[in-house]
There are 2 protein chains.
Amino acid sequence: MRIGELSRRSGVPVPTIKYYVREGVLPAGTLTSPNQARYDDGHERRLRLIRALLDVGGLSLSAIAEVLEAVDDPGQPVHKVLGVAAGRIIPEESGKPEESGESGETDEAEEVEAAEGAGPESADAREEVAALLARRGWYVDADNAAARSLAGVLAALHRVGHGAFVELLDVYADAAEPVARADLDYVRRRVAREDLVESVVVGTVLGEAMFGALRRLAHVDASARAYGDPEEAGRWAGA
Amino acid sequence: MRIGELSRRSGVPVPTIKYYVREGVLPAGTLTSPNQARYDDGHERRLRLIRALLDVGGLSLSAIAEVLEAVDDPGQPVHKVLGVAAGRIIPEESGKPEESGESGETDEAEEVEAAEGAGPESADAREEVAALLARRGWYVDADNAAARSLAGVLAALHRVGHGAFVELLDVYADAAEPVARADLDYVRRRVAREDLVESVVVGTVLGEAMFGALRRLAHVDASARAYGDPEEAGRWAGA
DNA sequence: GATAGCGGACAGTCCCACTATCCATAATTC
DNA sequence: GAATTATGGATAGTGGGACTGTCCGCTATC
């Protein structure tokens with residue numbers, strides 16, 4: 001097909017498709033003449049994936065580009081691709097590993113040290129994560145991306161005065177385990193490498209969105225039950 | 001304290017603080033002279049909340065402004081505030097309610113109709129959500145924000161050819177229920193109105209980030225177990 | 001052979017979260 | 001009490017992100 005049909009089928013405007021090709025998230029069509037190219041189902045599929053990652057998953061185009069680059073490189077071992085996927089999916093929150101050497105703040109601001117990067121909360125948070133991993137017996141390296149991301153969240157909770165929220169960590173972890181097992185199971189049913197990799201991306205990104213929506217639905221239900229009054233049914237998540 | 005100290009304590013640059021005041025996310029200090037103002041702990045706390053919502057929660061400043069406006073208005077009934085909070089937290093994905101009247105597409109693109117707004121997937125997805133709500137006996141209005149958001153995710157899954165992923169819906173819902181109960185429990189322990197409202201915001205936003213990180217950690221663990229080989233431990237979520 | 005569509009290049013747009021510069025005044029330091 | 005630094009307020013500028021518009025010369029199709 002030509003670009004116009006691709007646009008019509010996918011709902012993505014022609015200039016936007018051209019833009020995606022320029023940005024490297026979508027492969028160019030195969031040229032049949034100096035100014036004529038063909039696109040196929042693969043392009044359409046890729047386009048739908050891009051839109052889903054962009055609109056539902058909230059990824060940036062550059063993150064998508066990195067993920068898809070790894071997906072498209074047959075030389076990459078699968079587990080590396082998955083690492084890239086998970087890495088780009090995490091919005092690079094706070095938990096950066098910037099260990100020390102934090103000088104340059106106005107002058108003698110070390111006594112306060114409330115910036116995001118480090119601070120006492122971060123060290124505590126990293127310990128909390130390490131303790132969690134040990135407690136649950138998870139086979140996870142304590143400085144991988146997800147662990148640092150979690151530490152960032154915990155540090156943020158402490159900073160906003162809701163350190164008590166971490167009491168729910170084990171409830172959350174209990175919930176995360178079966179979900180992760182189910183995700184893995186879904187992925188294992190794929191056979192082709194491309195399908196496998198793509199399902200990891202889809203599962204990680206859209207799965208997170210799916211759980212988020214379900215959690216909010218469960219909030220509505222739980223508060224409707226807790227507060228009885230149907231007028232107050234929107235107490236947590238609103239009508 | 002004055003703005004400089006507020007900046008030092010919170011780690012937010014002075015011009016940025018001024019900007020937040022302009023944007024209405026942070027109340028102005030109380031003037032002591034035409035060009036001198038005082039800030040207090042409340043400002044610092046608010047500033048930390050803004051940064052957490054921005055950096056960890058991924059909310060936009062305008063979304064934060066809407067949420068905080070509702071939080072700060074003592075005339076707002078609590079459940080309305082919570083509705084606003086949940087509403088702004090959802091990134092306004094795909095599941096918009098644009099029912100019909102979709103004209104204007106190039107010309108006769110109705111046969112294809114692959115744009116995001118409507119399409120056959122959206123109707124199916126809404127039905128799937130309604131079925132889920134009925135199946136689980138959740139007291140939720142089928143057209144609230146979270147339900148539409150979920151429908152958007154399901155529609156996206158179908159569009160990218162991963163409709164099978166929705167088989168995991170009930171696994172996810174099983175996991176969401178205890179999490180939501182724990183969240184509600186956490187919130188109910190708050191007494192002061194402001195604390196209550198803030199903990200809903202924090203719990204909804206940071207809780208989602210926390211679960212996401214835990215899920216990815218559980219992925220790493222689950223695949224380490226499934227694939228045994230420690231070299232492959234990063235199979236799903238990467239080292 | 002007229003018309004519509006195309007590939008490619010590049011400039012322009014809009015939004016967002018800041019960041020920089022000014023200025024007149026206030027606080028602090030010597 | 002003079003010099004230095006900080007402050008509030010206003011306005012302008014920046015850089016990134018995701019497009020969108022326009023042009024050109026060529027190609028496919030009626």
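The figures that follow rest on heavy atoms only: side chains count, while hydrogens, waters and symmetry mates do not. All chains are named by letter (A, B, ...) in the order of the sequence lines, taking the proteins before the strands, and each is independently numbered beginning at 1.
Taking the charged nitrogens against the carboxylate oxygens, Arg126(B) and Asp143(B) have no contact shorter than 4.0 Å, which rules out a salt bridge.
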Q: Using the side-chain hydrogen bond (donor to acceptor under 3.5 Å, both in side chains) rule, take His219(B) and Asp183(A) through it: C-alpha gap first, then chi angles, then the decisive distance, then the call.
A: CA-CA 8 Å; His219(B) 284 154; Asp183(A) 290 336; 2.7 Å; yes

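As rounded to whole Å, 18 Å separates atom C1' of dA28(D) from atom CE of Met1(A). Atom-to-atom, CD1 of Ile17(A) to P of dG21(D) comes out at 15 Å; the value is rounded to the nearest Å. Atom CD1 of Ile64(A) is separated from atom C1' of dG16(D) by 16 Å (rounded to the nearest Å). To the nearest angstrom, P of dA4(C) lies 15 Å from CZ of Arg8(A). Atom C1' of nucleotide dG8(C) and atom CG of Leu26(A) are separated by 15 Å, given to the nearest angstrom. Between Leu31(A) atom CG and dT27(D) atom C1' there is a gap of 13 Å when expressed in whole angstrom units.
Contact check for Leu150(B) versus Met210(A): side-chain heavy atoms found under the 4.5 Å cut-off. When side chains are defined from C-beta on, Ile50(A) counts as touching Leu68(A), because their heavy atoms get closer than 4.5 Å.
Arg22(B) meets the salt bridge (charged side-chain N to carboxylate O under 4.0 Å, His left out) test with no other residue; sequence neighbours excluded. Every salt bridge (charged side-chain N to carboxylate O under 4.0 Å, His left out) that Asp72(B) has, sequence neighbours left out, goes to Arg46(B). Here Glu66(B) pairs with Arg88(B) under the salt bridge (charged side-chain N to carboxylate O under 4.0 Å, His left out) rule; sequence neighbours left out.
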Without placing hydrogens or testing angles, list every side-chain donor-acceptor pair under 3.5 Å for residues 29-45 of chain A, not counting sequence neighbours.
residue, atom, partner, partner atom, Å
Thr32(A), OG1, Gln36(A), O, 3.4
Gln36(A), OE1, Arg2(A), NH1, 2.8
Asp40(A), OD1, Gly42(A), N, 3.0
Asp40(A), OD1, His43(A), N, 3.2
Asp40(A), OD1, His43(A), ND1, 3.0
His43(A), ND1, Asp40(A), N, 3.1
His43(A), NE2, Pro27(A), O, 3.2
His43(A), NE2, Ala28(A), O, 3.4
Glu44(A), OE1, Arg9(A), NH1, 3.3
Glu44(A), OE2, Arg48(A), NH2, 2.6
Arg45(A), NE, Glu198(A), OE1, 3.4
Arg45(A), NH2, Glu198(A), OE2, 2.9

Q: If a protein heavy atom is under 4.0 Å from the base, mark B; if only from the sugar-phosphate, S; if neither, -; do that for nucleotides 24-30 of chain C going 5' to 3'.
A: BBSS---

Q.
Using a 4.0 Å heavy-atom cut-off to protein, can you give one letter per nucleotide of nucleotides 12-21 of chain C, 5' to 3': B if the base is in contact, S if only the sugar-phosphate is, - if neither?
A. -----BBB--

